[in-house]
Structures are given as structure tokens and as C-alpha cells.
Amino acid sequence: MYSGIRRQLPALRGLSPRYFNLVGARPSGLWGEEPRGTPDNLMPYVARVAAGQPDRLSVFGDDCPTAGGTGARDYIHAMDLGEGHCAALAHLGGESGMRTFNLGTGTGTSVLQLIAALEAAGGRDVPYRITARRPGDVATLVTDPAAAATG
Ligand SMILES: O=c1ccn([C@@H]2O[C@H](COP(=O)(O)OP(=O)(O)O[C@H]3O[C@H](CO)[C@@H](O)[C@H](O)[C@H]3O)[C@@H](O)[C@H]2O)c(=O)[nH]1
């Protein structure tokens, strides 16, 4: 789609950031991880378990080819993602053309690593049980953020 737009409008300037696993909240608490209903994603769900309701997390499989066997993702904090956009806009400057880049950390964190980090930060256990893999889940999804890092 972008290549078609570029052919029509060669002077167009634009950014095409690719997102990975967005997590976190503003320090003010004005917005953050509180979706309506039952969350599908790990972070809001595990945050609710850490707060005591529901009483445990289902960890979708422990047979992945990752350290510890649980799925690994590239989690990036929402504030860092915002800074990434600002930096990209500043970098774009007067250049024409579309720039595509990955906004991630380049580091995979497994479900069990994330649970351990939450337990350490919150000072309380996050109960979980291992269940079947979620259909369609890949074991690992981690970005290469080199283009964003080097401009
Ligand atoms: O209750 C949960 C939720 C997730 N996971 C695992 O945690 C990891 C992260 O899951 P999630 O937060 O759902 O992120 P993704 O798996 O990267 O899912 C993305 O990709 C899915 C399929 O395209 C979309 O449905 C989601 O919205 C989108 O965030 C994966 O290994 C999941 O198997 C659990 O073990 N238990």
C-alpha cells in the first residue's frame, strides 16, 4: 500500500513504525493496562492476578524452544514507544519518502520471566498453572530494532 502511495505522491514524507508487545501505564495512572472485560493479552491479565483477581494465570504451554519453555515476546513500555515516535519524527526532518522501522527492545522475555519480574516488583506471589498452548501462538517474537537505533 505504501509503495503505491509513494508512486502517486513522491514528495510525501512519512513514518511507518512497527509495534511489538506494548505494555505499561503512565506514571500518573491516567491511562494504562485496564481493558474492559477479560483481557486476551498477558500483561493486563497478569496484572489482575497480581492484584488478587482472578486468582491465577493460565500460562499457555511450557514446551516452547525458549529458556524455561514459555512463550517469549518483545515487550516495550508505552512511554518508551511514545519517545520512539518523537525521535523518529525529529529524525525525519526534511527528508522525503517513507521510513519503516521496528519499535522494540530486541530482547525476548518469557512468560515465566515476566511473572518473576512482577513478583519481585510487587513483593507478592503471582499464582499460575501451565495449560495447553494457545492455537496460533508462535514460541518467540522478538524484533530487530537496528534501524530505529541507528537512524
Ligand atoms: O493469559 C495468557 C495470555 C498470554 N500468554 C502468553 O503470553 C505471551 C504473550 O501473549 P499476548 O500478550 O497475547 O501477546 P501475543 O501472543 O504477541 O499476541 C499478539 O498477537 C495475537 C495473535 O495475533 C493477538 O491476538 C494479540 O492481540 C497480540 O497482542 C504468549 O506467549 C502467550 O502464549 C499466557 O501464557 N497466558
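The structure displayed is predicted, hence computed values, not measured ones. Every heavy atom of this structure was used, including side-chain atoms; hydrogens, water molecules and symmetry mates were not. Counting starts at 1 for both ligands and their atoms, in listed order.
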Engineer: Among all protein heavy atoms in this structure, tell me which lies nearest to atom 36 (N) of ligand 1, with the distance rounded to 0.1 Å.
Structural biologist: Ser58 O, 2.8 Å
Engineer: Counting only non-hydrogen atoms of the protein, does one fall under 4.0 Å from atom 24 (C) of ligand 1?
Structural biologist: no
Engineer: Checking the side chain of Thr109 only, and the main-chain atoms of Leu114 only, is there a donor and an acceptor separated by less than 3.5 Å?
Structural biologist: no
Engineer: Are the side chain of Asp62 and the backbone of Gly69 linked by a donor-acceptor contact shorter than 3.5 Å?
Structural biologist: no
Engineer: Which ligand 1 atoms does Asp40 reach within 4.0 Å, using its non-hydrogen atoms?
Structural biologist: 3 (C), 13 (O)
Engineer: Side chain or backbone, does Phe60 bring an N or O within less than 3.5 Å of an N or O on ligand 1?
Structural biologist: yes
Engineer: Under 3.5 Å between any N/O of Asn41 and any N/O of ligand 1: does that happen in this structure?
Structural biologist: yes
Engineer: I would like to know whether Asn21 and Leu42 meet side-chain contact (heavy atoms from CB on, under 4.5 Å); could you show each step before the answer?
Structural biologist: CA-CA 10 Å; Asn21 289 67; Leu42 178 62; over 6 Å; no
Engineer: Around atom 31 (O) of ligand 1, find the nearest protein heavy atom and jot down its residue, atom name and distance.
Structural biologist: Gly71 CA, 3.4 Å
Engineer: Within the protein, is there a heavy atom lying under 4.0 Å from atom 15 (P) of ligand 1?
Structural biologist: yes
Engineer: Can you confirm whether Tyr45 sits close enough to Thr38 that some side-chain heavy atom of one is under 4.5 Å from a side-chain heavy atom of the other?
Structural biologist: yes
Engineer: Using a strict 4.0 Å cut-off to heavy atoms of Val59, name the atoms of ligand 1 that fall inside it.
Structural biologist: 35 (O)
Engineer: Any protein heavy-atom neighbour for atom 21 (C) of ligand 1 (distance below 4.0 angstrom)?
Structural biologist: no
Engineer: Go through ligand 1 atom by atom and flag the ones less than 4.0 Å from a non-hydrogen atom of Asn21.
Structural biologist: 14 (O), 15 (P), 17 (O)
Engineer: For atom 6 (C) of ligand 1, what is the closest protein heavy atom, and at what distance to 0.1 Å?
Structural biologist: Val111 CG2, 3.7 Å
Engineer: Within the structure, is a non-hydrogen atom of Leu141 found at a distance of less than 4.0 Å from ligand 1?
Structural biologist: no
Engineer: Of all heavy-atom pairs between Asn102 and Asp144, which one has the smallest distance, and what is that distance?
Structural biologist: ND2-O, 3.0 Å
Engineer: Is there a polar contact, in the sense of an N or O pair closer than 3.5 Å, between Leu42 and ligand 1?
Structural biologist: yes
Engineer: Quick one: pull up CZ in Arg48 and CE in Met43 and give me the separation to the nearest 0.5 Å.
Structural biologist: 13.0 Å
Engineer: Report yes if some N/O of Asp137 lies less than 3.5 Å from some N/O of ligand 1; otherwise report no.
Structural biologist: yes
Engineer: Could you report the tightest heavy-atom contact between Thr70 and Leu112, atom names first, then the distance?
Structural biologist: OG1-N, 3.3 Å
Engineer: Go through ligand 1 atom by atom and flag the ones less than 4.0 Å from a non-hydrogen atom of Tyr75.
Structural biologist: 8 (C), 9 (C)
Engineer: Go through ligand 1 atom by atom and flag the ones less than 4.0 Å from a non-hydrogen atom of Arg73.
Structural biologist: 9 (C), 15 (P), 16 (O), 17 (O), 30 (C), 31 (O)
Engineer: May I ask you to test the Phe60-Val111 pair for a side-chain heavy-atom distance under 4.5 Å?
Structural biologist: no
Engineer: One pair to check against side-chain contact (heavy atoms from CB on, under 4.5 Å): Arg129 and Ser58. What are the steps and the verdict?
Structural biologist: CA-CA 5 Å; Arg129 66 175 163 206; Ser58 293; 3.4 Å; yes
Engineer: Taking a cutoff of less than 4.0 Å between a non-hydrogen atom of the residue and any ligand atom, is Tyr128 in contact with ligand 1?
Structural biologist: no
Engineer: Is there a side-chain contact (heavy atoms from CB on, under 4.5 Å) between His85 and Leu15 once you walk through the steps?
Structural biologist: CA-CA 9 Å; His85 283 76; Leu15 299 168; over 6 Å; no
Engineer: Should you measure from each heavy atom of Arg134, which atoms of ligand 1 turn up under 4.0 Å away?
Structural biologist: 10 (O), 11 (P), 13 (O), 15 (P), 16 (O), 18 (O), 32 (C)
Engineer: Take Thr105 and Phe20 through the side-chain contact (heavy atoms from CB on, under 4.5 Å) test and state the conclusion after the steps.
Structural biologist: CA-CA 9 Å; Thr105 64; Phe20 290 79; over 6 Å; no
